[in-house]
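Beneath this line is the structure, given in structure tokens, with notes to follow.
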Amino acid sequence: MLDVVGSILGTLAAFLAVLALVIVIHELGHFSVAKLFGVKIDRFSIGFGKTIWSRTDKSGVEWRLAALPLGGYVKFAGDLDVTGVPDREGLDALRNQIVAEQGPGAETAYYHFKPIWQRALIVLAGPVANFLLAITIFTIMALAVGETLMVKPRVGSVEAGSPAAVAGFQVGDLIVEADGRAIRRWQDLAQHVMMRADQPVAFEIERGDQTLNLTATPAGRDIRSEVDQSTVRIGYLGVGASRAAGDIVTHRYSLPEAVVEGVRQTGGVLDASVTYIGRIFSGRENGDQLSGPIGIARASGAIAGQAAESAESVGDAVGRVFLSLLYLSGLLSVAVGFFNLLPVPILDGGHLVFYAYEAVARRPLNAQIQEAGFRVGLALLVGLMLFATWNDLNKLNLFAFLGGTS
């Protein structure tokens, strides 16, 4: 019983640590750029609901820690509603109130009266902060692992009857590009192919002194995830990496190389996210790999547990767990940054859409239209969360268990 409780507490602690880092950085992105432009801020909150701790600094900002640590927000002075984008009548009323209470010119310190380009940058700063966090994390990981094996994208074997064999791949081919994107190592190839089951991929290869173009359609293959033991469907090409001495090199990253690697990995994760969402909308994926808080918590606990089990000492275990959760934070940070850029009202991307309209029309969108848009956006987010939670519970085999007890 104590082991079960300890496992649950460990999973919860790992999940909250990962989530808190990603959320704090996202909100600090909004906060920092707002401060840069002289915006008056009322509150910086991590979490929602009842206040656990709070402190007001010299500039009047209340720093708050709330009971439900599943999000956070920055509240700008003068916010009228959840949209954060009042219409013209609301802006006029707010301006008159500020001038009456604080005098002419005081309104220039309020978010809603800043130029559109400044407001857009403030909104954009949250997702950008997430991408920068991911780059930083992946850079640290590249430096921390020390020497690493770099496997060139050279074909060492071709499975008979596989998509690669049908496309004409041969042993010795060096894969240079996939869909116009440079392939510098075997991991780049695997990452590109795994998200493109049943989707034609254009390859550029070098065969001897020739440059050839081949098109292969990766087949779908079900594998079991090492993290949560769920089934994952990935693209399968049917080629193996060359194990020749010249194709496997040991490499230690310098700081500039590690930064480049951090950018490359962040771009790869972002590409995978965009591709997966696109495949859902095109009907190639059913969305069963989308995860909510339960899935993220389970993955956090599983990754931390695996890292601890492979350690040789307590100090080694702490280091491995830290690096593993740090890596997961990088992955989650990219996902959060991308998700917030979706053009859905209530998300950062939705605000940017409203600002684009305001820039073209030279006036904010009508309040009733904004309200309707945010209702739709909220409904979409709730529906997505319920769908992701359904996926998480299915991976736990909860419904099969309940069915078996009837």
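Numbering of residues begins at 1 and proceeds along the displayed sequence.
Taking 4.5 Å as the limit, every side-chain heavy atom of Tyr236 sits out of range of all side-chain heavy atoms of Pro218. Residues Val201 and Val193 form no side-chain contact, since every pair of their non-hydrogen atoms from C-beta on lies 4.5 Å or further apart. A 4.5 Å side-chain heavy-atom check between Asp179 and His192 finds at least one atom pair inside the cut-off. Arg243 has its side chain within reach of Ile248: a pair of non-hydrogen atoms, C-beta onward, lies under 4.5 Å apart. The shortest side-chain heavy-atom distance between Tyr110 and Val39 does not fall under the 4.5 Å cut-off. Residues Ile205 and Val176 form no side-chain contact, since every pair of their non-hydrogen atoms from C-beta on lies 4.5 Å or further apart.
Salt bridge present: Asp271 and Arg196 bring a charged side-chain N and a carboxylate O closer than 4.0 Å. Between Asp188 and Arg181 no salt bridge is recorded (no basic side-chain N to carboxylate O distance below 4.0 Å).
Glu261 places no side-chain N or O within 3.5 Å of a backbone atom of Val259 that could act as its donor or acceptor partner. When atom types are taken as modelled, the side chain of Ser162 and the backbone of Glu159 share a donor-acceptor pair closer than 3.5 angstrom. Gln265 places no side-chain N or O within donor-acceptor distance of the main-chain N or O of Gly262, the cut-off being under 3.5 Å. Side-chain atoms of Ser157 do not come within 3.5 Å of backbone N or O of Val239 as any donor-acceptor pair. For Arg154 (side chain) and Ser242 (main-chain N/O), no donor-acceptor pair under 3.5 Å exists by modelled atom type. Remark: the backbone N or O of Phe37 is paired with a side-chain donor or acceptor of Lys114 at under 3.5 angstrom.
Of all non-hydrogen atoms in Val269 and Leu331, the two that sit nearest each other are CG2-CD2, 3.7 Å. Heavy atoms only, all atoms of each residue included: Val22 and Asn130 are closest at O-ND2, 3.3 Å.
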Just do the side chain to side chain contact (heavy atoms under 4.5 Å, CB included) check on Thr108 and Phe113 with the steps written out, would you?
-> CA-CA 6 Å; Thr108 59; Phe113 302 108; 6.0 Å; no
Phe31 and Phe76: side chain to side chain contact (heavy atoms under 4.5 Å, CB included), yes or no, with the steps?
-> CA-CA 9 Å; Phe31 179 87; Phe76 301 117; over 6 Å; no
Start with the C-alpha gap between Phe131 and Leu270, add the side-chain angles, then the distance that decides, and say whether side chain to side chain contact (heavy atoms under 4.5 Å, CB included) holds.
-> CA-CA 9 Å; Phe131 297 141; Leu270 181 59; 4.2 Å; yes
Please lay out, stage by stage, how Val336 and His26 fare under the test side chain to side chain contact (heavy atoms under 4.5 Å, CB included).
-> CA-CA 9 Å; Val336 168; His26 180 93; 4.3 Å; yes
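Rounding to the nearest 0.5 Å places OG1 of Thr56 at 5.0 Å from CD of Glu62. In this structure, Thr266 OG1 and Leu132 CG are separated by 9.0 Å, a value rounded to the nearest 0.5 Å. Between atom CZ of residue Arg95 and atom NE2 of residue His112 there is a gap of 11.5 Å, rounded to the nearest 0.5 Å.
By the 6.0 Å and 45° rule, Arg119 stacks over the aromatic ring of Tyr355.
A donor and an acceptor atom, one from each side chain of Lys35 and Ser59, are located under 3.5 Å apart. If you check the side chains of Tyr357 and Gln370, you find no donor sitting under 3.5 Å from an acceptor.
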